[in-house]
Amino acid sequence: AYWFVDGAIGAGVALPQSTWQKIASWASNEFHRQLIYVTAENDALMDPPSLAMAACLINRIRRLSDEERELASLSRMLPSLVELEVGIEQVFTKQSESGIWHRYFPLFHFPKGGGAADYCFSFEFLEAILTEFGTFVLRNPALLDRVKRVIRWCDTHELEFTDATGKKYRGWSSGGEVRSLAEGKSESWATASVHMFLTQLDRRISDLLDELVLKGFGIDRRAVTESSKKFEQMIDADLRFLGERPTTLKKVIEEEILKKAKALTAEGLIREGLPVPRSVLLFGPPGTSKSRLAKAMAEYLGWPLVTITPSEFLGKGVEHVHAQVDEKFRDLMDLRKAVVFFDEMDALAQTRE
């Protein structure tokens, strides 16, 4: 159900409100039923993967209802965020010592195939948990230790197999194909699930670091607005480069930096980064709108503006400048989609008593 809803939203399929109500009602009942079973440690009926996926499904619907006004009534029939987080904590209490979860109820089975069954692989619901509750999990020391245990499982259970042609394959197995497991072969779907989990973990850690660094500078990304109005209203300045046609400052910045950044998708920024050039040196006397241009560039992109002044490096005295520079730049490297403005840096080069 979670993957169905995620797929429908991703594909832009408009489900009728009556369908959303049925899904929300079913998910809420499933969540409360499994929360009781898991909390009571009812070995016969509890199914932690179902509890995890029900919580993820409810949170996915809740996020959708926040975005679309016609579905706002759904949020009133859903369990609260506090209940969902308690449910996620309960799921992690059933983690095995090895790092993953035991098999519980099968997703589906094959009666004509001798009773064989397919079970939910731990990394399938772990990826969903990180997607829906990543910040909560990574901010919780106890749950973070559980995630470390999962990563250790990845390190210690990776399989390497060489086929008849000598080609090597590496990956993981859910244990669903016993013969393949005995031969040390990995499964493509299990391997994909592990990679999806690790990718989502990397993203959520990056998101959290980004949030913490911006908070240190007194910035909340949610309050950032996107508009090209300020940039368009700025007075332009003519530029002439040797051997090239005359141009203007705004045109160079827009063509070489801003439009290239705007054209990149979130995936592109993660995988490739911003193509060079990605920086500009602004010089001139006070009052020539250097700071205003930096603000206009940030607003054009809809990215936060982080302003760094010499005081950021001199806060602990001149003798600690190098350590302060290292610390600030380590923080800045954890940011994504941000404009960093180094202001009045020439002050660092002035003679001091």
Side-chain angles (χ1 to χ4, degrees), residues 1-38 47-92 94 101 104-105 107-108 120-140 143 146-147 150 189 192-208 211 221-222 265-267 270:
Y2 174 81
W3 294 314
F4 165 76
V5 165
D6 189 59
I9 294 172
V13 177
L15 300 174
Q17 187 162 353
S18 59
T19 299
W20 282 117
Q21 288 175 342
K22 290 176 183 178
I23 293 174
S25 176
W26 173 81
S28 298
N29 291 335
E30 180 71 6
F31 173 79
H32 285 126
R33 187 167 66 90
Q34 281 301 328
L35 182 59
I36 292 171
Y37 289 152
V38 172
D47 187 14
S50 282
L51 176 59
M53 294 307 290
C56 291
L57 173 57
I58 291 166
N59 199 64
R60 190 73 179 89
I61 296 172
R62 182 183 294 281
R63 287 198 288 126
L64 183 68
S65 65
D66 289 341
E67 297 166 5
E68 300 190 16
R69 186 177 300 175
E70 60 270 20
L71 297 178
S73 60
L74 287 178
S75 60
R76 292 193 290 270
M77 62 188 296
L78 297 171
S80 67
L81 182 60
V82 173
E83 291 176 272
L84 299 180
E85 290 175 348
V86 168
I88 295 301
E89 288 177 326
Q90 286 298 316
V91 170
F92 275 97
K94 303 308 174 188
W101 279 252
Y104 288 89
F105 284 64
L107 281 170
F108 46 85
C120 187
F121 187 33
S122 298
F123 292 91
E124 295 178 270
F125 65 80
L126 282 170
E127 189 262 341
I129 286 175
L130 287 178
T131 300
E132 302 299 334
F133 301 99
T135 302
F136 168 70
V137 170
L138 295 177
R139 284 183 177 276
N140 187 317
L143 298 187
R146 298 283 185 164
V147 173
V150 174
W189 180 249
S193 297
V194 172
H195 279 293
M196 288 170 69
F197 161 76
L198 293 173
T199 300
Q200 192 60 242
L201 178 62
D202 184 62
R203 287 178 181 174
R204 297 317 296 260
I205 290 174
S206 295
D207 288 345
L208 184 56
E211 178 188 326
R221 188 179 286 276
R222 294 170 297 181
T265 62
E267 283 288 336
I270 291 170

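Atoms considered below: every heavy atom in the structure, side chains included; atoms not considered: hydrogens, waters and symmetry mates.
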Are side-chain heavy atoms of [X] and [Y] found at a separation under 4.5 Å?
{"X": "Val150", "Y": "Phe123", "answer": "yes"}
{"X": "Phe121", "Y": "Glu127", "answer": "no"}
{"X": "His32", "Y": "Glu83", "answer": "yes"}
{"X": "Trp3", "Y": "Met53", "answer": "yes"}

Can you give the donor-acceptor pairs under 3.5 Å from side chains of residues 66-74 to other protein atoms, not counting sequence neighbours?
unit_1: Ser73; atom_1: OG; unit_2: Gln17; atom_2: NE2; d: 3.2

Could you state the interatomic distance from [atom1] ([X]) to [atom2] ([Y]), rounded to the nearest 0.5 Å?
{"X": "Phe31", "Y": "Leu57", "atom1": "CZ", "atom2": "CG", "value": "11.5 Å"}
{"X": "Leu51", "Y": "Tyr104", "atom1": "CG", "atom2": "OH", "value": "11.0 Å"}
{"X": "Leu126", "Y": "Glu124", "atom1": "CG", "atom2": "CD", "value": "10.0 Å"}
{"X": "Lys94", "Y": "Asp47", "atom1": "NZ", "atom2": "CG", "value": "12.5 Å"}
{"X": "Leu143", "Y": "Ile88", "atom1": "CG", "atom2": "CD1", "value": "9.0 Å"}
{"X": "Ile23", "Y": "Glu30", "atom1": "CD1", "atom2": "CD", "value": "14.0 Å"}

Heavy-atom closest contact ([X] atom, [Y] atom, distance):
{"X": "Ser80", "Y": "Arg62", "result": "CA-NH2, 3.7 Å"}
{"X": "Ala54", "Y": "Ala27", "result": "CB-O, 4.1 Å"}
{"X": "Leu84", "Y": "Pro79", "result": "CD2-CB, 4.2 Å"}
{"X": "Ala24", "Y": "Leu78", "result": "CB-CD2, 3.8 Å"}
{"X": "Ile129", "Y": "Ala52", "result": "CD1-CB, 3.9 Å"}

Worksheet item: Taking only residues two or more places apart in sequence, or in another chain, which ones meet Glu211 in a salt bridge (charged side-chain N to carboxylate O under 4.0 Å, His left out)?
Response: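 Once residues adjacent in sequence are excluded, the partners of Glu211 under the salt bridge (charged side-chain N to carboxylate O under 4.0 Å, His left out) criterion are Arg139.
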Discussion item. Can you list everything that forms a salt bridge (charged side-chain N to carboxylate O under 4.0 Å, His left out) with Arg204? Sequence neighbours excluded, please.
Written reply: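 Partners of Arg204 under the salt bridge (charged side-chain N to carboxylate O under 4.0 Å, His left out) test: Asp207.
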Worksheet item: Quick one: ring-ring contact (aromatic ring centres under 6.0 Å, His included) partners of Phe133, sequence neighbours excluded?
Response: none
Discussion item. Holding to ring-ring contact (aromatic ring centres under 6.0 Å, His included), I want the full list of residues that pass it with Trp101, two or more places apart in sequence or in another chain.
Written reply: Phe92, Phe125
Worksheet item: Hey, mind stepping through Leu208 and Thr135 against side chain to side chain contact (heavy atoms under 4.5 Å, CB included) and telling me if it holds?
Response: CA-CA 7 Å; Leu208 184 56; Thr135 302; 4.2 Å; yes
Response to the item:
With Tyr2 as partner, the option from Ile58, Thr131, Asn59 fulfilling side-chain contact (heavy atoms from CB on, under 4.5 Å) is Thr131
Practice prompt. Give a yes or no answer on whether the side chain of Ser25 reaches the backbone of Gln21 with a donor-acceptor pair at less than 3.5 Å.
Written response: no
Worksheet item: Does Met196 offer a backbone N or O that forms a donor-acceptor pair with the side chain of Thr199 under 3.5 Å?
Response: no
Practice prompt. Under the side chain to side chain contact (heavy atoms under 4.5 Å, CB included) rule, what do Phe136 and Glu89 come out as? Steps first, then yes or no, please.
Written response: CA-CA 10 Å; Phe136 168 70; Glu89 288 177 326; 3.8 Å; yes
Can you give me every donor-acceptor pair (side chain of residues 7-16, partner residue at least two apart or in another chain, under 3.5 Å) with its distance?
none

